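Down below is the structure, laid out as structure tokens.
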Amino acid sequence: FSFTLPKANYLYYLAPEEANSLYFGGGLAWGGMEKDDVEEFYGIVANAALGYEMQRNQAVRSFVQLDVNQPTVATSPVNGKFPGPSAELAVGLGF
């Protein structure tokens with residue numbers, strides 16, 4: 001399992017004045033990862049994001065976003081080897 005809470009990203013929109021726009025950015029989060037009860041990490045997780053936001057001129061917007069997360073700074077000794085990157089794909093609605 002893995003979690004990030006909270007996650008703060010800076011996003012740059014390639015066409016901010018258009019109804020649909022590709023965006024990218026990066027940020028940091030507090031998070032944790034555990035794998036097979038052997039590898040354990042809690043600390044700061046860096047991430048990069050690439051996404052596409054649709055219907056930006058409507059009351060309800062939709063998006064699809066790919067995040068790549070990399071555990072960066074552990075707050076306690078890592079149990080097992082340091083974890084590598086992970087990826088997540090999100091689809092959502094915003095107001």
Side-chain angles (χ1 to χ4, degrees):
F1 77 90
S2 67
F3 71 91
T4 55
L5 182 70
K7 181 188 285 186
N9 279 355
Y10 173 81
L11 300 176
Y12 179 80
Y13 286 82
L14 296 178
E17 64 284 337
E18 300 293 326
N20 305 316
S21 181
L22 185 68
Y23 63 87
F24 64 91
L28 297 173
W30 170 261
M33 296 181 174
E34 250 183 64
K35 182 179 177 184
D36 300 329
D37 296 328
V38 177
E39 296 178 26
E40 190 175 292
F41 171 89
Y42 294 96
I44 297 174
V45 179
N47 82 300
L50 175 65
Y52 190 73
E53 187 176 13
M54 296 154 281
Q55 304 159 336
R56 299 188 70 218
N57 55 357
Q58 303 294 318
V60 177
R61 303 172 180 194
S62 58
F63 69 91
V64 60
Q65 180 173 313
L66 175 66
D67 282 305
V68 177
N69 304 307
Q70 174 61 56
T72 308
V73 179
T75 57
S76 60
V78 175
N79 183 15
K81 74 176 195 180
F82 203 82
S86 65
E88 64 185 72
L89 181 65
V91 177
L93 297 173
F95 302 92

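Remember, predicted model here, so these are calculated numbers, not experimental data.
- We find the OH-CZ distance between Tyr10 and Phe24 to be 8.5 Å, quoted to the nearest 0.5 Å.
- Legend: salt bridge (Lys or Arg N to Asp or Glu O under 4.0 Å) pairs involving residues 67-77, not counting sequence neighbours, sorted by first then second residue: Lys7-Asp67.
- Cluster membership for Val68 and Tyr52, using ILVMFWY side-chain heavy atoms within less than 4.5 angstrom, is not shared.
- Counting non-hydrogen atoms of neighbouring residues, nucleotides and ligands closer than 6.0 angstrom, the CZ atom of Phe3 exceeds 12 such neighbours.
- Clustering of Ile, Leu, Val, Met, Phe, Trp and Tyr side chains at separations under 4.5 Å places Val60 together with Leu93, Phe95.
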Could you please spell out the steps behind the side-chain contact (heavy atoms from CB on, under 4.5 Å) verdict for Asn47 and Glu88?
CA-CA 11 Å; Asn47 82 300; Glu88 64 185 72; over 6 Å; no
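- Heavy atoms only, all atoms of each residue included: Pro16 and Arg56 are closest at O-NH1, 2.8 Å.
- Within the 3.5 Å criterion, the main-chain N or O of Ala29 finds no donor-acceptor partner in the side chain of Thr4.
- With hydrogens and angles disregarded, no donor-acceptor distance shorter than 3.5 Å links the side chain of Arg61 to the backbone of Gln55.
- Residues Tyr42 and Val73 do not share a hydrophobic cluster, clusters being chains of Ile/Leu/Val/Met/Phe/Trp/Tyr side chains in contact below 4.5 Å.
- Within the model, atoms OH of Tyr13 and CG of Leu11 stand 5.5 Å from one another, a figure rounded to the nearest 0.5 Å.
- In this structure, Ser21 contributes its side chain and Ala15 its backbone to a donor-acceptor pair below 3.5 Å.
- Closest approach of Gln70 and Gly84 over heavy atoms only: OE1-C, 3.7 Å.
- Separation of atoms CG (Leu50) and CG (Leu89) is listed at 10.5 Å; rounding is to 0.5 Å.
- A pairwise comparison of heavy atoms in Met33 and Ser86 identifies CE-OG, 3.5 Å as the closest pair.
- A salt bridge (Lys or Arg N to Asp or Glu O under 4.0 Å) check over residues 15-32, counting only residues at least two apart or in different chains, returns nothing.
- Ring-plane geometry between Phe82 and Phe41 is classed as perpendicular, the angle between the planes exceeding 60 degrees on a 0 to 90 degree scale with a lower cut at 30.
- Under the 4.5 Å side-chain heavy-atom criterion for Ile, Leu, Val, Met, Phe, Trp and Tyr, Val45 and Leu5 are members of distinct hydrophobic clusters.
- Note that OG1 of Thr75 and CD1 of Ile44 are 8.5 Å apart. Values are rounded to the nearest 0.5 Å.
- When all heavy atoms are compared, the tightest approach of Gly51 to Leu22 is O-CD1, 3.1 Å.
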